[in-house]
Protein chains: 2
Amino acid sequence: MNATAPKGRGRPKVRPQALAGQAPAAREKPADKEQRIYAAIVDRVMEQRLKPGTRLPEAALCELFGVGRTLVQKVLQRLAHDHIVELRPNRSAIVAMPSREDVGKLFEARRALEAAVLPLVAAHASRADYASLRRQLRKEQNAMHRYAQSEWAGLASAFHLRLGELSRNPMLHRYLAEIISRCCLVVALFQPPGNATCEHDEHGRVVDCLEAGDVAGAQRENDRHLRDLEAHLQLVEEDTDLSLADMLGLPGRS
Amino acid sequence: MNATAPKGRGRPKVRPQALAGQAPAAREKPADKEQRIYAAIVDRVMEQRLKPGTRLPEAALCELFGVGRTLVQKVLQRLAHDHIVELRPNRSAIVAMPSREDVGKLFEARRALEAAVLPLVAAHASRADYASLRRQLRKEQNAMHRYAQSEWAGLASAFHLRLGELSRNPMLHRYLAEIISRCCLVVALFQPPGNATCEHDEHGRVVDCLEAGDVAGAQRENDRHLRDLEAHLQLVEEDTDLSLADMLGLPGRS
DNA sequence: AAACCTTTAATTGTCGACAAAAAATCCCCG
DNA sequence: CGGGGATTTTTTGTCGACAATTAAAGGTTT
């Protein structure tokens, strides 16, 4: 028996993957431990380093973050509530894998919610808010032109997230944040690397309309933008059903 | 020392209140235990038997439902995420007490969300759906005319909830459900008993517009209905701050 | 060689235990 | 008689322990 080909019985051991970036050096407030773990996982999902379908065993997370299972379970519970992870009974939690139907409903909800948010933004936003929005927009374009995709993906999401924040409504902001993080998941799932949607400053046009007081126009532009985004997804899914159907439909010659 | 006036030291014992209706007779699926507890508490809040500010100690819930603290904590976590209960560090969880500002934001979010949902309802609803909606409406009116307030409150909420369901969008449905349950909380908090808002079939008019294909009209009617509802709240709050201010402002003569 | 059964380890579900924090009471002192 | 601490009790925060479930590999039979 050698190490490369374990011949022992039972289930093969899975090696805990590198996930946590920073180790907890000094003692921290006990209340924020949970938030730290939650944020760490969400960030990894948003920047697409944690791909959909990745298993998240509790024990591994415990070691990585240096906490007990109770904390990890609480975090997983919250992540599951936000549909970031999928929680199956008596099975490992996995990063959520939305189905094709889910994606349709997800974007439908996003369009509806952002359309509902825009009037509030127009009503509440001050000149300084628009200025900071423009600043963020420039950073975004900068990243896009540098082909820094992973960074750009985060910034593009941040724009929409900021819109939710500018609505000055905590609940709508939270809902939008949840939907956007799910959309990042979908992009990671359906968009092979390198295929970035080259957007021609669609965000900028939304801000233009907003600042000019044209709410309906902003809604129209944003709706079109989101539909573009959805349409550019490569709707192919490496499903087990598909391969099984192939194997059954064609009598294998090997 | 007698039982009516405990003179022992330390914190006085709190008696667990009657909360759980049915005892778990036979063994049930372990997966649904959590759902049962969650639903039980939400129901009590919706029917306003659990009033805002009521303390919910974990140990009491454990005894009442016959489960360990882990389960209870999971449920409380979920309830807190939905803003049904408020979870303060190292303190008992209490049924949420939204502030006056929260109420404004809450109704703002509700108006925005329902307005966003209505077009989807009009797009997806079949004739049978409208029929069942009408049936529900009649039950609601019946309860109103019988002055069965607690029942009516539940049915009135159920109407809006059903609208979310008819949008055929699980996310928007869930968000609306969360907002509506919070609104029930608010009504329980700001509306003294017996003061029911006598609505003149405002729900019916929404359905009329919807069935006639007049989405904008439905949105207008619903928006007005919700503003009415908010306006009828008695914006008085028996706050500890208020009574304290009273005591400090007026030199007591007793 | 394919299907079935057995074995084994991984993994979650749930619980009680212990420590820490907070609140209410009592005691002491002015 | 009132105020400030010490004390006790309650209550939550967190953890490891044990049982139950699931998945995977090995072995066996046809």
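Residue numbers start from 1 in every chain, and the chains themselves are labelled A, B, ... in the order their sequence lines are given, proteins ahead of strands.
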Could you tell me how far apart [X] ([atom1]) and [N] ([atom2]) are, to the nearest whole angstrom?
{"X": "Phe65(A)", "N": "dT14(D)", "atom1": "CZ", "atom2": "P", "result": "15 Å"}
{"X": "Lys74(B)", "N": "dT12(C)", "atom1": "NZ", "atom2": "P", "result": "12 Å"}
{"X": "Leu56(B)", "N": "dT10(D)", "atom1": "CG", "atom2": "C1'", "result": "16 Å"}
{"X": "Arg55(A)", "N": "dA24(D)", "atom1": "CZ", "atom2": "P", "result": "8 Å"}

Could you run down the sub-3.5 Å N/O contacts of the protein with nucleotides 15-17 of chain D?
unit_1: dC15(D); atom_1: OP1; unit_2: Gly68(A); atom_2: N; d: 3.3
unit_1: dC15(D); atom_1: OP2; unit_2: Gly68(A); atom_2: N; d: 2.9
unit_1: dC15(D); atom_1: N4; unit_2: Thr70(A); atom_2: OG1; d: 3.2
unit_1: dA17(D); atom_1: N6; unit_2: Arg69(A); atom_2: NH2; d: 3.2

Restricting to side chain to side chain contact (heavy atoms under 4.5 Å, CB included), what partner residues turn up for Glu178(B), sequence neighbours left out?
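Side chain to side chain contact (heavy atoms under 4.5 Å, CB included) list for Glu178(B), sorted by chain: Met171(A), Arg174(A), Tyr175(A), Asp82(B), His83(B).
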Name all residues meeting the salt bridge (charged side-chain N to carboxylate O under 4.0 Å, His left out) criterion together with [X]; count only those two or more places apart in sequence or in a different chain, and write none if there are none.
{"X": "Glu165(A)", "result": "Arg162(A)"}
{"X": "Lys105(A)", "result": "none"}
{"X": "Arg182(A)", "result": "none"}

Determine whether Leu166(A) and His124(A) make a side-chain contact, defined as any pair of heavy atoms from C-beta on separated by less than 4.5 Å.
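When only atoms from C-beta onward are counted, His124(A) and Leu166(A) do not touch, as no gap falls below 4.5 Å.
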Would you indicate, yes or no, if dA23(D) has its OP1 or OP2 atom less than 4.0 angstrom from a side-chain nitrogen or oxygen of Arg91(A)?
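Answer is yes, contact under 4.0 Å.
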Examine dA22(C): is either OP1 or OP2 under 4.0 Å from a nitrogen or oxygen in the side chain of Arg88(B)? Give yes or no.
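Checking dA22(C) against Arg88(B), no side-chain N or O comes under 4.0 Å of OP1 or OP2.
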Can you sort out the partners of Gln73(A) under side-chain hydrogen bond (donor to acceptor under 3.5 Å, both in side chains), two or more places apart, ordered by chain and number?
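With sequence neighbours excluded, Gln73(A) shows a side-chain hydrogen bond (donor to acceptor under 3.5 Å, both in side chains) to Glu58(A), given in chain and number order.
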